[in-house]
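Since the model is a prediction, treat every value here as computed from it, not as a measurement. All values below come from the heavy atoms of this structure, side chains included, with hydrogens, waters and symmetry mates left out.
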Amino acid sequence: MAGWCERHPLAVAGSAPLAVAYSGGADSTALLLAVRDRWPDRARAFHVHHGLQAAGDDFEAHARAFCARHGVPLRVAHVQAAHAPGQSPEDAARRARYEALARMAQEEGASCVLLGQHADDQAETLLLALSRGAGLPGLAAMPEHFERHGVVFGRPLLDLPAQALRAVLNEAGHAFVDDPSNADARFTRNRIRATLMPAWAEAFPGFRLLLARSARHAAQAQRLLDELAAIDLAACGTPPAITPLRALSRERQANALRAWLRREEGVAPSAAQLEELLDQIAACTTRGHRIEIKVASGCVVRDGERLCYRAG
């Protein structure tokens, strides 16, 4: 916690409340106790009831009892995190959770919401990204500090393995809950946790911290690419003009286009969509050349001398 605070002092500066996303599980329990010990008057707990399983009521009851016992003010948000057809259940739950946490933070006036993800979670995220053929943003895994919905979030425990956190709680006699959905093999992350993680641990002891280091390297490289994209988009404009975009290398075009679509439109092209868009830009040598490439629910199209994104 001390090291994270040194790297992100503005997140914890002042006297505003500091919130912990508290599920009742071991990770968030360890984090909540650490925050309470460090900032006894500023600690808050935010609990999100996802409405997805019967055990959710028991998790909420545990959270209320634990926070009352340890003198931590608790806020609870009930959400309906069921996924729409074609949507990932994990993504739907994650989206609902972050929206609820951000809303509670704004209502509470919290300066930061801290999350309990640890080194095992980071390793699983990186392995999941590798299995999907992800680029640098995916290989960077989870950042230890980010902003979403206008709220600052932090992950102080990314360098600590889950076993260390549970050992501290067990030694001190602190109760926590185990989510039964974590054993559901239908979810890819759970299969990675149950099958790949033990194999990696046997073959490469200490692999969690090594994978975390790789994720930090990827994140550093991505930041450099983001800086380069900002330079190129400053020259090409936003939305980008086709002529100066064509003057860039194909790799820089791709980098700039990804950044433009992510920052301005909130969408990400697939590898195939981006390659087709680059091919169309390369072929765009006449005034009448038409460009229309589907990206997410919309399309990237040519509008005069520029590209634009038309949402579906």
Side-chain angles (χ1 to χ4, degrees), residues 20-31 47-56 59 79-101 113-144 146 148 153-166 176-216 218-219 222 268 270:
V20 171
Y22 176 56
S23 67
D27 319 325
S28 62
T29 299
L31 180 59
H47 180 83
V48 179
H49 189 310
H50 294 84
L52 295 176
Q53 52 182 319
F59 297 160
V79 301
Q80 289 300 320
H83 63 286
Q87 184 183 25
S88 161
E90 299 98 317
D91 288 343
R94 187 182 305 110
R95 184 185 300 273
R97 180 165 59 253
Y98 275 112
E99 289 175 352
L101 291 172
V113 178
L114 299 178
L115 308 171
Q117 282 100 353
H118 45 67
D120 293 58
D121 295 320
Q122 187 74 312
E124 291 167 8
T125 300
L126 182 52
L127 291 174
L128 185 60
L130 286 169
S131 72
R132 292 173 173 171
L136 275 179
L139 299 181
M142 296 182 292
E144 67 171 17
F146 63 101
R148 187 171 298 182
F153 289 84
R155 296 184 174 104
L157 306 182
L158 287 180
D159 288 333
L160 292 173
Q163 185 177 3
L165 298 174
R166 287 177 175 253
F176 54 86
V177 298
D178 283 310
D179 188 339
S181 68
N182 289 335
D184 191 337
R186 291 176 299 173
F187 300 123
T188 304
R189 182 179 287 271
N190 290 346
R191 295 197 299 273
I192 289 174
R193 182 180 303 133
T195 305
L196 291 185
M197 295 284 279
W200 274 66
E202 183 177 353
F204 304 103
F207 80 98
R208 292 170 177 83
L209 296 183
L210 296 177
L211 290 184
R213 183 192 302 169
S214 294
R216 287 194 294 271
Q222 184 59 50
S270 69

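Taking 4.5 Å as the limit, every side-chain heavy atom of Gln117 sits out of range of all side-chain heavy atoms of Leu157. Side-chain contact between Leu139 and Leu126 is present, with at least one heavy-atom pair separated by less than 4.5 Å. Arg216 places a side-chain heavy atom less than 4.5 Å from the side chain of Asp159.
Every side-chain hydrogen bond (donor to acceptor under 3.5 Å, both in side chains) that Thr125 has, sequence neighbours left out, goes to Arg189. Every residue meeting the side-chain hydrogen bond (donor to acceptor under 3.5 Å, both in side chains) condition with Thr188, not counting sequence neighbours, appears here in chain and number order: Arg191. Arg193 meets the side-chain hydrogen bond (donor to acceptor under 3.5 Å, both in side chains) test with Glu124, Asn190; sequence neighbours excluded. Residues that satisfy the side-chain contact (heavy atoms from CB on, under 4.5 Å) test with Glu99, not counting sequence neighbours, are Arg95, His149.
Ala123 approaches Met197 most closely through the heavy-atom pair CB-CE, 4.0 Å. Minimum interatomic distance between Phe176 and Gly25 (heavy atoms only, all atoms of both residues): CB-C, 3.8 Å. Shown here for Leu114 and Pro156, the closest heavy-atom pair between the two residues is CD2-CG, 4.0 Å. Considering all non-hydrogen atoms of both residues, Ile192 and Leu127 come closest at CG2-CD1, 4.0 Å. Shortest non-hydrogen contact noted between Asp27 and Gly116 is CB-O, 3.3 Å. Contact record, Pro137 with Gln222: CD-OE1, 3.2 Å, taken as the closest heavy-atom pair.
Summarising the geometry, atom NE2 belonging to His50 is positioned 10.5 Å from atom CZ belonging to Phe59; distances are rounded to the nearest 0.5 Å. To the nearest 0.5 Å, atoms NE2 (His49) and CD (Gln80) are separated by 9.0 Å.
For the pair His118 (side chain) and Pro161 (backbone), a donor-acceptor distance under 3.5 Å is absent. Put simply, the side chain of Gln122 never gets that close to the backbone of Leu211: no donor and acceptor are under 3.5 Å apart.
The residues Arg166 and Asp178 are annotated as salt-bridged, a charged nitrogen and a carboxylate oxygen being separated by less than 4.0 angstrom.
Screening residues 197-212 for side chain to side chain donor-acceptor pair (under 3.5 Å) gives Asp120-Arg208 as the qualifying pairs, with residues at least two apart or on separate chains. Listed by first and then second residue, the salt bridge (charged side-chain N to carboxylate O under 4.0 Å, His left out) pairs that reach into residues 134-143 come to none, sequence neighbours excluded.
Within 6.0 Å of CZ on Phe146 lie more than 12 heavy atoms contributed by other residues, nucleotides or ligands.
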Requested in this report: Give the C-alpha distance, both sets of side-chain angles, the deciding distance and a yes or no for side chain to side chain contact (heavy atoms under 4.5 Å, CB included) between Arg148 and Leu101.
Outcome: CA-CA 10 Å; Arg148 187 171 298 182; Leu101 291 172; over 6 Å; no
